[in-house]
*Asks:* 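Let me give you the structure first, and then I'll get to my questions.
Since the model is a prediction, treat every value here as computed from it, not as a measurement.
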Amino acid sequence: MKNYKLKIQYDGTRYNGWQRQGNTKNTIQERFENVLLRMCGKPIEIFASGRTDAGVHANGQIANFKCQTDMSCVEIKDYLNQYLPEDVVVTSVEEVGERFHSRLNAVSKTYEYRIAVTKPDVFIRKYVFAANQVPDVDKMQNAAKLILGTHDFKGFSSVKRTKKSTVRTINFIDISDKDGIISIKINGSGFLYNMVRIISGTLFEIGTGKLDETAITRVFEEKKRENAGATLPACGLTLM
């Protein structure tokens with residue numbers, strides 16, 4: 001059995017996220033596994049580095065699957081791209097070791113959240129949050145420093161109850177402002193449900209004066225979701 005690593009791009013606008021679900025067939029994983037069934041002649045499970053939520057995009061999603069085939073990596077790539085929807089593209093395929101697992105072997109992940117503070121270009125409107133306020137980027141950058149490092153991020157997530165650890169490490173947050181688009185790039189060891197969108201919403205509300213920097217400290221101390229900012233829309237988020 002061979003193990004294949006894929007790099008994938010997708011426009012998540014019309015999908016219910018990456019992960020296969022019992023109540024819908026409209027997921028990225030489901031689309032892939034339908035094509036892999038056709039290619040390999042039997043059910044194949046594909047694993048992704050991150051389970052992006054409904055409406056979230058990916059520029060460099062890493063996935064892997066195991067299959068016995070005589071097809072080359074180029075032939076697999078071409079086959080997948082032939083039968084996948086036009087808003088899902090495999091950009092590379094390579095054979096990797098049997099023990100490689102895209103999620104379990106992930107060292108870190110980088111997400112980008114984009115906020116348009118002026119009416120966005122028509123060709124990017126589906127990939128940004130169109131805000132009706134212009135935040136102070138300096139305030140956002142200063143507040144972002146408080147989020148760096150290892151913390152319990154339960155209050156920065158929509159997780160209700162879990163037996164798993166909610167401790168994560170944020171390695172860097174880069175915030176830039178160019179041509180009316182504010183970009184928030186966040187790299188971390190892993191992310192909880194809605195964590196990036198809530199962090200981005202908190203920083204945005206600090207920038208607009210709705211919250212101050214002490215909100216971040218309260219979230220970490222009290223672990224309460226209500227102390228953080230809004231969950232920004234999924235359309236602005238991309239797994240890089």
*Asks:* When you measure from the side chain of Asn194 to the backbone of Ser158, do you find a donor-acceptor pair of N or O atoms at a distance under 3.5 Å?
*Replies:*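 A pair under 3.5 Å: no.
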
*Asks:* State, yes or no, whether a side-chain contact exists between Leu203 and Ile175 at a heavy-atom distance under 4.5 Å.
*Replies:* yes

*Asks:* Donor-acceptor check, side chain of Lys5 to backbone of Phe100, threshold 3.5 angstrom: yes or no?
*Replies:*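 Checked: no pair found.
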
*Asks:* Counting only heavy atoms not in Lys154, do more than 12 fall under 6.0 Å of its NZ?
*Replies:* no

*Asks:* Should Leu80 and Leu36 count as side-chain neighbours, where that means a heavy-atom distance under 4.5 Å?
*Replies:*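 Leu80 reaches Leu36 side chain to side chain.
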
*Asks:* Would you call Ile76 and Tyr4 a side-chain contact if the rule is heavy atoms closer than 4.5 Å?
*Replies:* yes

*Asks:* Here's one to test your reading of the geometry: is the NZ or CZ of Arg38 within 45 degrees of the ring axis of Tyr83 and under 6.0 Å from its centre?
*Replies:* yes

*Asks:* Distance-only, no hydrogens or angles: does the Asn26 side chain make a donor-acceptor pair with backbone N or O of Arg14 under 3.5 Å?
*Replies:*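 Present.
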
*Asks:* Is there a side-chain contact between Lys25 and Arg31, using heavy atoms and a 4.5 Å cut-off?
*Replies:*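 No, too far: nothing below the 4.5 Å cut-off.
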
*Asks:* Side-chain heavy atoms under 4.5 angstrom apart, residues restricted to Ile, Leu, Val, Met, Phe, Trp, Tyr: same cluster for Val89 and Ile62?
*Replies:* no

*Asks:* Where do Tyr10 and Tyr15 land on the ring-ring contact (aromatic ring centres under 6.0 Å, His included) test, with the steps shown first?
*Replies:* CA-CA 10 Å; Tyr10 51 83; Tyr15 296 101; 7.4 Å; no

*Asks:* Which label fits Phe47 and His101: parallel for a plane angle under 30°, tilted from 30 to 60°, or perpendicular past 60°?
*Replies:*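 Phe47 vs His101 ring planes: tilted.
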
*Asks:* Is Ile198 close to Phe153 at the side-chain level, that is, under 4.5 Å between some pair of heavy atoms?
*Replies:* no

